[in-house]
Amino acid sequence: MKALVLSGGTGTRLRPFTYSMPKQLIPIAGKPVLRHVLENIRELDVTDIGIVTGARDRHITAALGDGSDLGIRLTYLRQEQPLGLAHCVALGREFLGAEDFVLYLGDTMLPEGVGALAAEFAARRPAAQLAVQKVSDPRRFGVAELEADGAVTRVTEKPDRPRSDLALVGVYFFTAAIHRAVDAIGPAPRGELEITDAVQWLITAGAEVRAGEYGGYWRDTGRVEDVLACNRRLLEGVRPVTAGTVDAASRLSGPVVVEAGARVTRSWIEGPALVGAGTVVEDSRIGPYTSLGRDCVLRRAGLADSITLDGVTIDRVGGLYGSLIGRAAHIGPGDGRHRLVVGDDTRIEVAA
């Protein structure tokens, strides 16, 4: 089996960050979303992975290289325009050949992994196996209608009046039959080749299409609030590690990771929290549910339920919470209670 990971798109809901980086590289619990995805795929013993990229492909290739540090082999496929998920399958056809494959959205977090669903697919090998989960408002998703035995009778993309509460979570297992379906469909009204249309073509043609319910945590990391919520969820699973230095005047409570080269002085870090490599924390209170990137500097700072990307400076600013702070941003000085969404290379003075 191979894998095709979709990492294009413009990420409009995550601006200003996505003006300068792909949304799939925003870190959650100290690791880019895309790396979490690739680790999930590797757990399936799938090591030959194609990544469909968009205009910012150089950022993704710089972050992941050839994949050898993850024990995988990466092939990059450039999509010049966002023309739909089924178009990505068409783009990857030469790479995929006649093999079975898993199609995985690169901004989807499924921390418990999809091993059970992969096993179901391998045991029965339907033309398509969909991962689904019950949601309160299916109108925002592709929706699957199922029979009692798990056979899919219909799929619909973002229906106004859903006939099911089972949403597609962004992971699909396919045989090579999907290529014939992709060739047969035309663009949807919004001009894209929808993967739901290709799956529906298989159903109409009499092919076996099945679905399995994913019972774990699922988050599409397309919005700031989703990124922060996912960060909270993943930090709950960290184990305390102190690879950097923590002086005697500092206090670590709960599970806290201090990576190599980081330095904590006269500060209180309340876990779950992560301090990235090379980061300096002085006279500050950090956490809970906070991930600090690499090479940041926090002095007399207060930060909770937040993420900083690499190279951030927070100087004499307390009361920051629920914030996502871009690379090399500088915040200070001031006090009070603030929630910030700060893009890369931004300088902000915070007043009470």
Q) Atom CZ of R125 and atom CD of E208: how far apart are they, to the nearest 0.5 Å? A) 11.0 Å
Q | Residue pair F95 / I49: nearest heavy atoms and the distance that separates them | A | CZ-C, 3.6 Å
Q) Between the side chains of D66 and S68, does any donor sit under 3.5 Å from an acceptor? A) yes
Q: Establish whether L64 and V102 are linked, either directly or via other cluster members, by ILVMFWY side-chain heavy-atom contacts under 4.5 Å.
A: yes
Q: May I ask you to say whether R140 pairs ionically with D220, meaning some side-chain N is under 4.0 Å from a carboxylate O?
A: no
(Q) Do V238 and M109 sit in one hydrophobic cluster, given that two such residues count as connected whenever their side-chain heavy atoms are within less than 4.5 Å of each other, even indirectly? (A) no
Q) Is there a donor-acceptor pair closer than 3.5 Å between any side-chain N or O of T153 and the backbone N or O of E145? A) yes
Q) Should L228 and R232 count as side-chain neighbours, where that means a heavy-atom distance under 4.5 Å? A) yes
(Q) Using only atom types and a distance under 3.5 Å, with no angle test, would you say the side chain of E157 pairs donor to acceptor with the backbone of I195? (A) no
**Q.** S306 side-chain N/O to L324 backbone N/O, donor-acceptor pair under 3.5 Å
**A.** no
Q) Where the side chain of T47 meets the backbone of G71, is there a donor-acceptor pair that is under 3.5 Å apart? A) no
(Q) I'd like to check L110 versus Q133 (side-chain heavy atoms, cut-off strictly below 4.5 Å). Are they in contact? (A) no
Q) If we only count heavy atoms from C-beta on, is the T279 to V264 side-chain gap below 4.5 Å? A) no
Q. Can you tell me if CZ on R294 sees more than 12 non-hydrogen neighbours from other groups inside 6.0 Å?
A. no
Q.
Applying side-chain contact (heavy atoms from CB on, under 4.5 Å) to H87 and E192, what does each step give before you reach the verdict?
A. CA-CA 8 Å; H87 179 262; E192 297 185 1; over 6 Å; no
(Q) For M1 and E99: C-alpha separation, side-chain torsions, deciding distance, then whether side-chain contact (heavy atoms from CB on, under 4.5 Å) applies. (A) CA-CA 6 Å; M1 181 183 285; E99 293 196 40; 5.6 Å; no
Q: Please assess T108 against W218 for the test side chain to side chain donor-acceptor pair (under 3.5 Å), listing each intermediate value before the final yes or no.
A: CA-CA 7 Å; T108 297; W218 163 41; 4.9 Å; no
Q) Distance from I51 atom CD1 to Q79 atom CD, nearest 0.5 Å? A) 14.0 Å
Q.
Any heavy-atom pair between the side chains of E112 and Y214 that's under 4.5 Å?
A. yes
Q | Charged N-O contact under 4.0 Å between E259 and K31 | A | no
(Q) For V152 versus R210, what's the shortest heavy-atom pair and its separation? (A) CG2-C, 3.5 Å
Q.
Can you tell me how far apart OG (S267) and CZ (R251) are? Round to the nearest 0.5 Å.
A. 12.5 Å
Q.
As an exercise, state the distance from CG of D226 to CG of N231, rounded to the nearest 0.5 Å.
A. 12.5 Å
Q: Go through I286 and L292 one step at a time and tell me if the side-chain contact (heavy atoms from CB on, under 4.5 Å) criterion holds.
A: CA-CA 9 Å; I286 307 300; L292 305 181; 4.3 Å; yes
Q.
Within the 4.5 Å heavy-atom criterion, are N40 and V171 side-chain neighbours or not?
A. no
Q) Does R180 CZ have over 12 foreign heavy atoms under 6.0 Å away? A) no
Q. Would you call R299 and D315 a salt bridge, taking side-chain N to carboxylate O under 4.0 Å as the test?
A. no
Q. Got more than 12 heavy atoms from elsewhere within 6.0 Å of CZ, R42?
A. yes
Q: Count the heavy atoms belonging to other residues, nucleotides or ligands that lie under 6.0 Å from CG of D160, then report whether that count exceeds 12.
A: no
Q) Given D48 and R73, is the salt bridge (Lys or Arg N to Asp or Glu O under 4.0 Å) satisfied, shown in steps? A) CA-CA 5 Å; D48 201 358; R73 181 171 61 255; 3.2 Å; yes
Q. When hydrophobic residues are tied together by side-chain contacts of less than 4.5 Å, even through go-betweens, does V37 share a cluster with L44?
A. yes
Q.
Quick check: closest heavy atoms across Y217 and P111, and the distance to 0.1 Å?
A. O-CD, 3.2 Å
(Q) Are F174 and L4 packed together at the side-chain level, in the sense that at least one heavy-atom pair is separated by less than 4.5 angstrom? (A) no
(Q) Looking at every non-hydrogen atom in both residues, tell me the closest pair between A144 and S164 and how far apart they are. (A) O-OG, 2.7 Å
Q: Test V258 against L252 for side-chain contact (heavy atoms from CB on, under 4.5 Å), laying out the working first.
A: CA-CA 10 Å; V258 181; L252 307 184; 4.2 Å; yes
(Q) Measuring only between side-chain heavy atoms, which start at C-beta, is H179 closer than 4.5 Å to V89? (A) yes
Q) Would you say L235 and I325 are hydrophobically clustered, going by side-chain heavy atoms of ILVMFWY under 4.5 Å? A) no
Q. Which distance, rounded to the nearest 0.5 Å, do you find between the CG of L6 and the CD of Q24?
A. 9.0 Å
Q) Do NZ/NE/NH1/NH2 and the carboxylate oxygens of R266 and D283 come within less than 4.0 Å? A) yes
Q. Which atom pair, heavy atoms only, marks the closest approach of P27 to G30?
A. CB-C, 4.4 Å
(Q) For a quick test of reading the model, state the closest non-hydrogen atom pair linking A301 to S284 and the distance between them. (A) N-OG, 2.9 Å
**Q.** Side chain proximity check, P138 to D165, heavy atoms < 4.5 angstrom
**A.** yes
Q.
With a 4.5 Å cut-off on side-chain heavy-atom distances among I, L, V, M, F, W and Y, is there a chain of contacts connecting V275 to Y289?
A. no
Q. To the nearest 0.5 Å, what is the distance between CZ (R219) and SG (C230)?
A. 7.5 Å
